[in-house]
Amino acid sequence: MSFPRRRESTRSEWTRACAGVARCGAACQPNSLQGFATICAAVFLLACCRAGFGMDRPVKATFEGRTAEHKWSLKELDASLPVNWSDFNYLVLEIRTSTPQRFSLWLHTTNGKRRLMLQPFGQNVWLRASIPLQYFKGRDQKGSDMASASNRRTNSFWMSVWGPFGDLKNVQAVSVAMDYPLNRPTLEIRAVTLSKEDAGSEFIEPDKLPVLDEFGQWAHADWPRKIKSRAQLEKELADEEKSFGPGDFGFCQYGGYASTQAKATGFFRVEQIDGRWWFVDPDGHLFLSTGSNCLGPARRGGPRPGGRGTSRGEASPPAPRDPQASSLATRDRTVARMEAWGLTTIGNWSSLRPPENQRKAYVVTFSGPRTETSFLGMQDVYSNEFVARAETAASEQCAPRKDDPWLLGYFIGNEPPWPNRESEVVDLFLKGPDTATQRKLKEFLAQGDTPARRREFVHGMFERYLALVGQAIKKYDANHLNLGIRFGGTPPEPILRMAKVFDVCSINVYEYEPTRQMKHVYEVTGRPIVIGEFHFGVPADGLGAGLVQTASQAERAKGYRYYMEQAAALPGFVGAHWFQWRDEPVLGRMDGENYNIGFVDVTDRPYPEMVAAAQATHQRLLDVHAGKTPPFAERPRASDVGTPESPWSR
């Protein structure tokens, strides 16, 4: 541990504040009881709002190895910090990291450990992190999928609320930990205080604003691929376009394998042939769905309170010379890349609309019925309102598409966040407004209120949701597939069994290989499987690693090959979609995520390692899935010290 130089300490700020209060009192009536009372009251109010005078010395932690943790007692950080944090709402830190790599912030109490996962935006800039203490105590009840239920953003960092949770009545120490750190990163802390009010999370080095350059790249780091001028960017994109052309994948017009033949029905369907599942395209060719989520124009990110030089440090992006021409050029470039790289499907949440003569297979994100009352994504499913809105949603979204041969099918939801939180859902409905679901719930619990019965009721709600939505979709579009609800994590088996009603079961699996999860889902449901999301990322260039880290771009490309081919070797596999097409914004999307997970970067240039990996794997995928060729078997490295069994194991 070393101690860097720092600005004037928080203790000095406190001293100045108290002196200012004293001067104010002296200006009134310095020798009166009233003046003295004024000073005491003001100082008391300051003390009530904040605890901790400031650190005597900053601390610096260096991370290396598989898991590195640095722990400090409260006395080491600031002897004035209390042990009972129950009356405070925020832990306020001033920190600087040399890396955008995620780290755990642990609070050690006499009753156990509490944790938040912190992801700073960028690197090499001092920032203030005003961290809500409520997220060490438990989750809130916001969100309708797993990401929106767990991710919380600020202007300088974002956090994942994963636990473990507990009270903060007797805090003894604070620690920071990082798994598989890259390049011996450092974390400096120069102020630690407790506050009842939100101190604001901002970048606090004015001379380093804006923290983004005009191209949306992190300004305070350099790397070989970094764009330095518009001319450089235009030249690189033009050079890439010279290499475009259809790849050697053996595809027909729909992206199926032209050398194969099954029954043609004019629409996509699924069929099990010789023990292995396949999509079958409208012309009867076997088809595997390889694609990416979020294909379409770039988005700048989450809330934007201002322009150049704001506290969030965003530079104003250069306006395209011709916005319409720029949009069409991006569209055409994206379609050409799909053809050259062997991607057959436009994935979820995509705005890409190719020209009529260059169409691609695509999926639809079905926007399910939303009732006035809902909790953790669970709607008031027993209400007439839900039934009517399911009909309306299917009529509006499915009927116009029922004759489109390019449509693969509908995803009817995404990563329900309530599995293993069923009792919370019950409590929320019981405490909420009068609804049909609440009335039915009260009748049910009158026969016995136990955790098992609460799970049973919520699972019944979910089963009703799937049935009504599925029936409405088939009523208005009997030609296309129900692709399921894109389960996240590892849903309990009773929930998985409900997936038997889907044509295809979709799961989002963030692992180095998805084989264990796929085998389990296939065993429980018997349905073919499409992976709705997976990715790998590198913590560098101002961006976080994503949910699954690799040591470099070369290892990230290796991860794509390993994951995709290991999945394709299983009989239930019919496709996998990468998340996502473009790196996320450096200052985060709406919930804070700012990951290096794109096929292309924030300037719309491809990562050449990823391109080569996709092309190599997509040329082999037919034979791998048919069992004629063994899958790629080299596991990617998370860092120089190796790879964990799972990114979730510790």
Side-chain angles (χ1 to χ4, degrees), residues 90 100-105 115-122 127 129-132 134-136 138-163 165 198 200-203 211-212 216 218 293-294 296-305 311-314 347-351 365 367 370 374-378 411 413-418 421 486-489 508 510 532-535 537 539 542-549 578-598 602 647-648:
Y90 295 89
Q101 189 166 346
R102 177 193 294 114
F103 64 91
S104 298
L105 177 63
R115 179 184 67 164
L116 266 179
M117 301 296 294
L118 263 59
Q119 178 83 59
F121 291 139
L127 62 89
S130 186
I131 304 166
Q134 71 178 89
Y135 295 131
F136 290 103
R139 296 183 178 91
D140 56 29
Q141 279 81 42
K142 299 176 182 177
S144 58
D145 60 17
M146 292 178 69
S148 61
S150 298
N151 296 346
R152 297 291 178 266
R153 70 163 295 126
T154 75
N155 284 349
S156 60
F157 76 101
W158 65 279
M159 61 199 116
S160 293
V161 186
W162 292 346
F165 306 112
D198 186 354
S201 298
E202 307 289 351
F203 299 108
V211 294
L212 299 186
W218 185 250
N293 292 268
C294 306
R299 297 174 181 172
R300 291 289 291 189
R304 303 182 64 193
S311 59
R312 286 197 62 215
E314 294 186 81
N348 220 35
W349 301 306
S350 292
S351 58
T365 310
S367 182
R370 297 289 183 266
S374 66
F375 300 105
L376 291 176
M378 188 64 79
F411 287 121
N414 185 65
E415 295 186 348
W418 53 261
R421 300 177 68 183
R486 298 164 57 89
F487 288 115
N508 299 345
Y510 286 100
E533 295 179 20
F534 75 106
H535 68 218
L543 292 168
L547 295 175
V548 188
Q549 177 180 300
W578 177 263
F579 187 89
Q580 60 178 27
W581 179 249
R582 189 185 307 266
D583 282 344
E584 292 177 324
V586 179
L587 293 183
R589 64 178 193 178
M590 68 286 185
D591 65 351
E593 277 191 15
N594 69 328
Y595 291 152
N596 162 233
I597 51 175
V602 295
W648 310 100

Validation row: [X], [Y] side chains within 4.5 angstrom (heavy atoms):
{"X": "Lys142", "Y": "Arg152", "answer": "yes"}
{"X": "Ser201", "Y": "Phe157", "answer": "yes"}
{"X": "His535", "Y": "Leu547", "answer": "yes"}
{"X": "Phe375", "Y": "Trp418", "answer": "no"}
{"X": "Leu543", "Y": "Pro100", "answer": "no"}
{"X": "Ser148", "Y": "Met590", "answer": "no"}
{"X": "Gln119", "Y": "Ser160", "answer": "no"}
{"X": "Arg153", "Y": "Asp591", "answer": "no"}

Checklist entry - Any chance the side chains of Asn155 and Glu202 put a donor and an acceptor closer than 3.5 Å? => result yes

Checklist entry - For the residue pair Trp158 and Tyr595, is the inter-centroid distance of their aromatic rings smaller than 6.0 Å? => result yes

Item to check | From Val586, Val602, Asn594, residue fulfilling side chain to side chain contact (heavy atoms under 4.5 Å, CB included) relative to Trp218 | outcome: Val586

Supply the atom-to-atom distance [X] [atom1] to [Y] [atom2], rounded to the nearest 0.5 angstrom.
{"X": "Gln101", "Y": "Gln549", "atom1": "CD", "atom2": "CD", "value": "4.5 Å"}
{"X": "Arg582", "Y": "Ile597", "atom1": "CZ", "atom2": "CD1", "value": "12.5 Å"}
{"X": "Gln580", "Y": "Glu593", "atom1": "CD", "atom2": "CD", "value": "8.0 Å"}
{"X": "Glu533", "Y": "Cys294", "atom1": "CD", "atom2": "SG", "value": "8.0 Å"}

Checklist entry - Can you check side-chain contact (heavy atoms from CB on, under 4.5 Å) on Phe534 and Val548, steps first, answer last? => result CA-CA 9 Å; Phe534 75 106; Val548 188; over 6 Å; no

Item to check | Tyr90: ring pair (Phe, Tyr, Trp, His ring centres under 6.0 Å) partners, not counting sequence neighbours | outcome: none

For the student: nearest non-hydrogen atoms of [X] and [Y], plus distance:
{"X": "Gly143", "Y": "Pro417", "result": "O-CG, 4.4 Å"}
{"X": "Pro120", "Y": "Phe103", "result": "CD-CE2, 4.0 Å"}
{"X": "Phe165", "Y": "Trp162", "result": "CZ-C, 3.7 Å"}
{"X": "Leu376", "Y": "Gln141", "result": "CD2-O, 3.8 Å"}
{"X": "Met159", "Y": "Pro132", "result": "CE-CD, 3.7 Å"}
{"X": "Ser104", "Y": "Arg115", "result": "OG-CD, 3.7 Å"}

Next on the checklist: Using modelled atom types and a 3.5 Å cut-off, is there a donor and acceptor pairing between side-chain atoms of Trp581 and backbone atoms of Gly347?
Outcome noted: no

Next on the checklist: As a quick check of understanding, evaluate salt bridge (Lys or Arg N to Asp or Glu O under 4.0 Å) for Arg486 and Asp145, giving each step before the final call.
Outcome noted: CA-CA 10 Å; Arg486 298 164 57 89; Asp145 60 17; over 6 Å; no

Checklist entry - Got a sec, which residues hit side-chain contact (heavy atoms from CB on, under 4.5 Å) with Ser350, two or more places apart in sequence or on another chain? => result Leu295, Ile346

Item to check | Qualifying residue, where the test is side-chain hydrogen bond (donor to acceptor under 3.5 Å, both in side chains) with Asn348 and the options are Thr365, Asn293, Asn508 | outcome: Thr365

Checklist entry - Parallel, tilted or perpendicular: which fits the ring planes of Trp349 and Phe579, with parallel below 30° and perpendicular above 60°? => result perpendicular

